[in-house]
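Since the model is a prediction, treat every value here as computed from it, not as a measurement. Just the heavy atoms: all of them, side chains too, but no hydrogens, waters or symmetry mates, feed the values below.
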Amino acid sequence: MSADAVSTGPLWAAMYHSITDSTDDPYRVTVSPARLDRQLRWLRRRGLTGVSMERLLTARAKGRAAGLVGLTFDDGYADFLTNAVPLLHRYEFTATVYVLPGRLGGTNAWDTPGPSKPLLTEDGIREAAAAGMEVGSHGLRHTDLTEADDTLLGEETRGSREALSAIIRKEVSGFCYPYGTVDERAIAAVRNAGYRYAVGISPGPLTGLFALPRVHIGQEDTAPRLFLKRALHGRRREPVPYAPYGPAPVEAATAREGGAP
C-alpha cells in the first residue's frame, strides 16, 4: 500500500478566535485570558505541547507528531498579540494566527450584530511572527470562498498570500477558510495559490491536507469538556489521509514563475 493510501486519525487542532474579557459574545468566539491560561495548563499537565500547524504537519510527516496539539487563532484579532502570545510563551507553546491582510488595523465587520474588535495591524502581524508564531492567511477580507466568483477567489487566495508574504518577508504556508466553509473549487484555488495546507472545521469527505478539521474551543471549555472533546474528536471527524508535507504544489510554483497559462 502506498503512503498516500494510508490513513490516520484526525490531527488534534484547537480553534480559537479572540482572547479577551467580554460578556458580549453572541458568536462564541471569545475566550478570556484566564480561561486560556487554564486550558494551556491542562495541555501541559498531560504532557501535550501546543504548536503551530506548520510544525504539527512537519512533525507528522516525520512520524513525530505524538503529544503535539495544533493551536490556531482565526481572524487575526489584535488581542492575540497582547493576551495570547504571553500565555503561549509562559508554557513554551507556539501557535498559528490566521490574519486578514485586506483589513489591516480594521475590525471584525463581518460579525454584526456583535462587539467590534480591532484586528492586527501590519506591525502587529510582524510582531506575532517575530514572537515565534506562524502567520497564515484567512483570505483578504473574510469572504466565504464557496460564494466567490473566479476573480474574487483568486484575490482571496493568491492575492492574500502575496500581500502577507510581503509583510512578514517569508513564504506563507497555511490558509484558513473563512466561516469554515469549503468545497472542491475552494480547495483547488488554495492549492494553486501555493499554500502547503489549509484548515477548516468539519470538512467531512473533503478532509485532507487542504481541508484539515479542527475543534472549536470556547470560554465554557473546562478540563472535563476538554477531555471529552479530545476523546471524541477521532469519532466525530473523518480520518485525515496521509499526505507528504513539503514544498508548494508544482503547478503553483510554475504559475508564479510565469510558466503556466
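- A 6.0 Å sphere centred on CZ of F227 holds no more than 12 heavy atoms belonging to other residues, nucleotides or ligands.
- Criterion: ILVMFWY side-chain heavy atoms under 4.5 Å apart, direct or through other members. Under it, V199 and L88 are part of a common hydrophobic cluster.
- Using a 4.0 Å cut-off between a side-chain N of Lys or Arg and a carboxylate O of Asp or Glu, R214 and D74 qualify as a salt bridge.
- By the criterion of side-chain heavy atoms lying less than 4.5 angstrom apart, applied directly or through intervening Ile, Leu, Val, Met, Phe, Trp or Tyr residues, V172 is grouped together with Y197 in one hydrophobic cluster.
- Side-chain contact between L153 and L145 is present, with at least one heavy-atom pair separated by less than 4.5 Å.
- In summary, R28 and E220 engage in a salt bridge, as defined by a charged side-chain N under 4.0 Å from a carboxylate O.
- Rounded to the nearest 0.5 Å, atoms CD1 (I125) and CD1 (I168) are 8.5 Å apart.
- T181 places a side-chain N or O within 3.5 Å of a backbone atom of P178 that can act as its donor or acceptor partner.
- With hydrophobic clusters built from ILVMFWY side chains whose heavy atoms lie under 4.5 angstrom apart, V85 shares a cluster with V99.
- Under the 3.5 Å distance criterion, the side-chain polar atoms of Q219 are matched with a main-chain donor or acceptor of S32.
- Between L43 and Q39 the shortest side-chain heavy-atom distance does not fall below 4.5 Å.
- If you check the side chains of D144 and T146, you find a donor sitting under 3.5 Å from an acceptor.
- Under the 3.5 Å distance criterion, the side-chain polar atoms of Y27 are matched with a main-chain donor or acceptor of P113.
- With hydrophobic clusters built from ILVMFWY side chains whose heavy atoms lie under 4.5 angstrom apart, V69 shares a cluster with V240.
- A salt bridge is defined here as a Lys NZ or Arg NE, NH1 or NH2 lying under 4.0 Å from an Asp or Glu carboxylate O, and D75 with K117 fails to meet this definition.
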The test is side-chain contact (heavy atoms from CB on, under 4.5 Å); show your working for Y77 and L119 and say whether it passes. CA-CA 4 Å; Y77 290 100; L119 304 178; 3.9 Å; yes
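- A centroid separation of less than 6.0 Å is found between the aromatic rings of Y177 and F175.
- In this structure, the separation between CG on L57 and CG on L209 is 6.0 Å, given to the nearest 0.5 Å.
- Residues V29 and D25 are in side-chain contact: their nearest non-hydrogen atoms beyond the backbone lie under 4.5 Å apart.
- Atom CG of L104 is separated from atom CG of L164 by 8.5 Å, given to the nearest 0.5 angstrom.
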side-chain contact (heavy atoms from CB on, under 4.5 Å) for F93 and L40? Distances and angles first, verdict last. CA-CA 9 Å; F93 289 174; L40 298 182; 3.9 Å; yes
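- Between the side chain of E134 and the main chain of E54, a donor-acceptor pair closer than 3.5 Å is present.
- Figure legend: R161 and Y195 shown as a cation-pi pair, the cationic atom lying under 6.0 angstrom from the six-membered ring centre and within 45 degrees of its axis.
- For the pair R126/I167, a side-chain contact is recorded, criterion being any heavy-atom separation below 4.5 Å from C-beta on.
- Nearest heavy-atom pair, S160 versus E156, reported as atom, atom and distance to 0.1 Å: OG-O, 2.7 Å.
- Checked against side chain to side chain donor-acceptor pair (under 3.5 Å), N108 has no partners two or more places apart in sequence or in another chain.
- Sequence neighbours left out, the pairs with a member in residues 95-137 that pass ring pair (Phe, Tyr, Trp, His ring centres under 6.0 Å) are W110-H142.
- Listed by chain and residue number, F73 satisfy the ring pair (Phe, Tyr, Trp, His ring centres under 6.0 Å) test with Y16 (two or more places apart in sequence, or in another chain).
- Distance check: L71 CG to M133 CE gives 9.5 Å after rounding to the nearest 0.5 Å.
- Judged by distance alone, with hydrogens and angles left aside, the side-chain atoms of S202 form no donor-acceptor pair with the main-chain N or O of G204 at under 3.5 Å.
- A salt bridge does not link D221 to R38: none of the charged nitrogens lies less than 4.0 Å from a carboxylate oxygen.
- Atom CG in L48 sits 13.5 Å away from atom OH in Y91 (nearest 0.5 Å).
- T96 is not listed as a side-chain neighbour of R55, based on a closest heavy-atom distance of 4.5 Å or more.
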Mind running side-chain contact (heavy atoms from CB on, under 4.5 Å) on I217 and L226 for me, showing each step along the way? CA-CA 8 Å; I217 304 296; L226 290 174; 3.8 Å; yes
Could you check R196 against V190 for side-chain contact (heavy atoms from CB on, under 4.5 Å), going step by step and ending with a plain yes or no? CA-CA 9 Å; R196 297 168 67 192; V190 170; over 6 Å; no
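- Using modelled atom types, no side-chain atom of D37 and backbone atom of P33 make a donor-acceptor pair closer than 3.5 Å.
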Using the rule given for side-chain hydrogen bond (donor to acceptor under 3.5 Å, both in side chains), can you reason through T20 versus D79, listing the C-alpha separation, both sets of side-chain angles and the distance that settles it, and then say yes or no? CA-CA 7 Å; T20 188; D79 55 48; 4.8 Å; no
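- Shown here for A128 and V97, the closest heavy-atom pair between the two residues is CB-CG1, 4.4 Å.
- H89 places no side-chain N or O within donor-acceptor distance of the main-chain N or O of A84, the cut-off being under 3.5 Å.
- By the 4.5 Å heavy-atom criterion applied to side chains, T72 and M15 are counted as neighbours.
- Smallest separation of non-hydrogen atoms from T94 and G132: CG2-O, 3.7 Å.
- Taking the side chain as every heavy atom from C-beta outward, P213 and P203 approach each other to under 4.5 Å.
- Of the possible polar contacts, none joining the R64 side chain to the R60 backbone as a donor-acceptor pair under 3.5 Å is found.
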Give the intermediate values and the outcome of side-chain hydrogen bond (donor to acceptor under 3.5 Å, both in side chains) for residues S165 and E171. CA-CA 5 Å; S165 295; E171 291 294 303; 4.8 Å; no
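- Closest approach of A109 and T112 over heavy atoms only: O-CG2, 3.3 Å.
- Remark: R158 does not engage E162 in a salt bridge, criterion side-chain N to carboxylate O under 4.0 Å.
- Using a 4.5 Å cut-off on side-chain heavy atoms (C-beta onward), P115 and P26 make contact.
- One distance of note links CD of E127 with CZ of F80; it measures 11.5 Å at 0.5 Å rounding.
- H138 places no side-chain N or O within 3.5 Å of a backbone atom of L100 that could act as its donor or acceptor partner.
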